[in-house]
2 protein chains.
Amino acid sequence: MRSKDYGKVELVYEAGLELISREGIAGLTMKGLAARSGVATGTLYIYFRSKEELFHRMYLYYRNRSLDRFMQGYDPVEPFRIGLKKVFVNYLTHRIEHHSESIFLEQYYRSPYITEEQNALAEAMKHPVYEVIKRGKREMLIKNDIDDEMLFLAMIGFVRELADEHVTKQYKMTPERIEKAFQLAWDMIKM
Amino acid sequence: MRSKDYGKVELVYEAGLELISREGIAGLTMKGLAARSGVATGTLYIYFRSKEELFHRMYLYYRNRSLDRFMQGYDPVEPFRIGLKKVFVNYLTHRIEHHSESIFLEQYYRSPYITEEQNALAEAMKHPVYEVIKRGKREMLIKNDIDDEMLFLAMIGFVRELADEHVTKQYKMTPERIEKAFQLAWDMIKM
DNA sequence: TTGTAAAATGAATTTATGTTCATTTATTTT
DNA sequence: AAAATAAATGAACATAAATTCATTTTACAA
């Protein structure tokens with residue numbers, strides 16, 4: 001007897017990302033997805049109960065992958081500023097190299113498919129970064145009178161815009177610009 | 001003979017915003033839109049040639065409204081910092097009070113409906129703010145070695161996150177927080 | 001090598017959504 | 001107040017998308 005080829009699932013996810021980043025979540029059809037990923041429409045229903053389940057599992061898959069990348073290489077032994085910069089650059093790089101992933105996660109977030117619990121799960125993505133901010137305060141390096149959330153939003157919002165501009169416009173993030181961007185962010189939050 | 005009731009068009013737009021902010025652009029159907037705005041489906045086709053034209057005109061309508069609000073009350077006679085703060089607060093207030101408008105514009109931007117020229121038009125929204133930034137540089141008040149675009153993205157990204165957090169989460173923008181947020185932004189860009 | 005069970009297929013079916021149209025209703029003009 | 005005209009209606013129709021299923025193909029076990 002023949003066994004399922006679970007590698008197909010990832011092929012489907014990747015095709016989904018491509019289509020969604022081009023046309024938005026509204027533009028994804030099962031037929032289009034099948035064509036793009038090189039399987040028959042019927043095959044999609046062997047691996048996924050429905051379009052809804054497909055989106056649901058795709059969301060979990062990419063959310064976890066994103067999460068893993070943010071803190072990559074962060075080492076609490078290194079000086080705070082070095083560590084913060086690593087997280088800053090990680091997030092920027094992530095959003096540039098996996099832009100369609102970010103687009104999908106954000107579109108899904110405001111789609112008819114999102115559920116309550118997934119909403120809560122998304123919050124978990126922030127925790128590790130919050131820990132870094134708390135450390136900066138403990139070491140008296142960043143502003144103590146501003147709450148963690150606001151510091152977080154200031155950094156994240158900036159990086160988000162930079163990455164989106166890099167991918168969709170002519171504004172490109174060279175190493176020099178990354179350096180300057182982090183310097184700006186640092187000037188903002190430092191004591 | 002009976003005349004068209006153009007007030008209906010705005011009712012339809014508003015119903016559209018509501019549905020889109022709840023379910024995303026993917027979730028908007030002509031039937032649902034008709035029900036929500038209190039007209040018959042057929043009536044929609046008296047005012048709009050098609051769903052595509054509806055989205056198209058709705059986009060132009062809200063883009064212009066947004067545009068008008070950003071520079072409201074800005075007076076080049078006042079000191080630079082005062083003017084910048086006004087723009088900062090305008091954008092924050094706009095995104096909070098007209099959140100579903102912002103959601104729509106961003107979702108439309110990445111939907112199958114967007115056209116090339118609309119893409120270009122969206123860029124125009126930035127120009128007045130760029131002028132403010134240039135003025136700050138001329139007056140030697142903000143960093144001269146950072147390009148206008150980066151300064152713009154840093155401010156806009158921050159405000160965007162604050163507003164979204166205010167609307168969708170428990171984090172609320174009180175007057176004190178607005179004050180602190182602008183101080184953060186100012187520390188970032190000042191000479 | 002061959003039988004078998006499940007995967008894979010894509011045309012057929014069902015379901016949902018966009019659009020049209022014959023009919024009714026409201027407003028204006030004479 | 002009656003006629004004329006266009007708006008408004010919503011059921012009917014056309015189209016497109018999701019899902020199913022009879023059939024074929026493939027990988028593994030005997």
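Note on naming: letters A, B, ... go to the chains in the order of the sequence lines (proteins, then strands), and numbering restarts at 1 for each one. Just so it is clear, the values below take in all heavy atoms, side chains as well, and ignore hydrogens, waters and symmetry mates. Please read these numbers as outputs of a predicted model, since none were measured by experiment.
Residues forming a ring pair (Phe, Tyr, Trp, His ring centres under 6.0 Å) with Y45(A) (at least two apart in sequence, or on another chain): none. With sequence neighbours excluded, the residues satisfying ring pair (Phe, Tyr, Trp, His ring centres under 6.0 Å) with Y91(B) are F70(B). Applying the ring pair (Phe, Tyr, Trp, His ring centres under 6.0 Å) rule to F88(B) yields the partners F182(B); only residues at least two apart in sequence or on another chain are considered. A search for side-chain contact (heavy atoms from CB on, under 4.5 Å) contacts involving N64(A) returns nothing, not counting sequence neighbours.
The side chain of Y45(A) places no N or O atom within less than 4.0 Å of a non-bridging phosphate oxygen (OP1 or OP2) of dT20(D).
Atom CD in E52(B) sits about 15 Å away from atom C1' in dA16(D), given to the nearest Å.
Within the structure, every pair that satisfies the salt bridge (charged side-chain N to carboxylate O under 4.0 Å, His left out) test and touches residues 93-105 of chain A, not counting sequence neighbours, is listed here: R65(A)-E101(A), R69(A)-E101(A), R95(A)-E106(A), R95(A)-D164(A).
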5' to 3', nucleotides 5-17 of chain C under a 4.0 Å protein heavy-atom cut-off (B base, S sugar-phosphate only, - none) gives BSBBBBB-----S
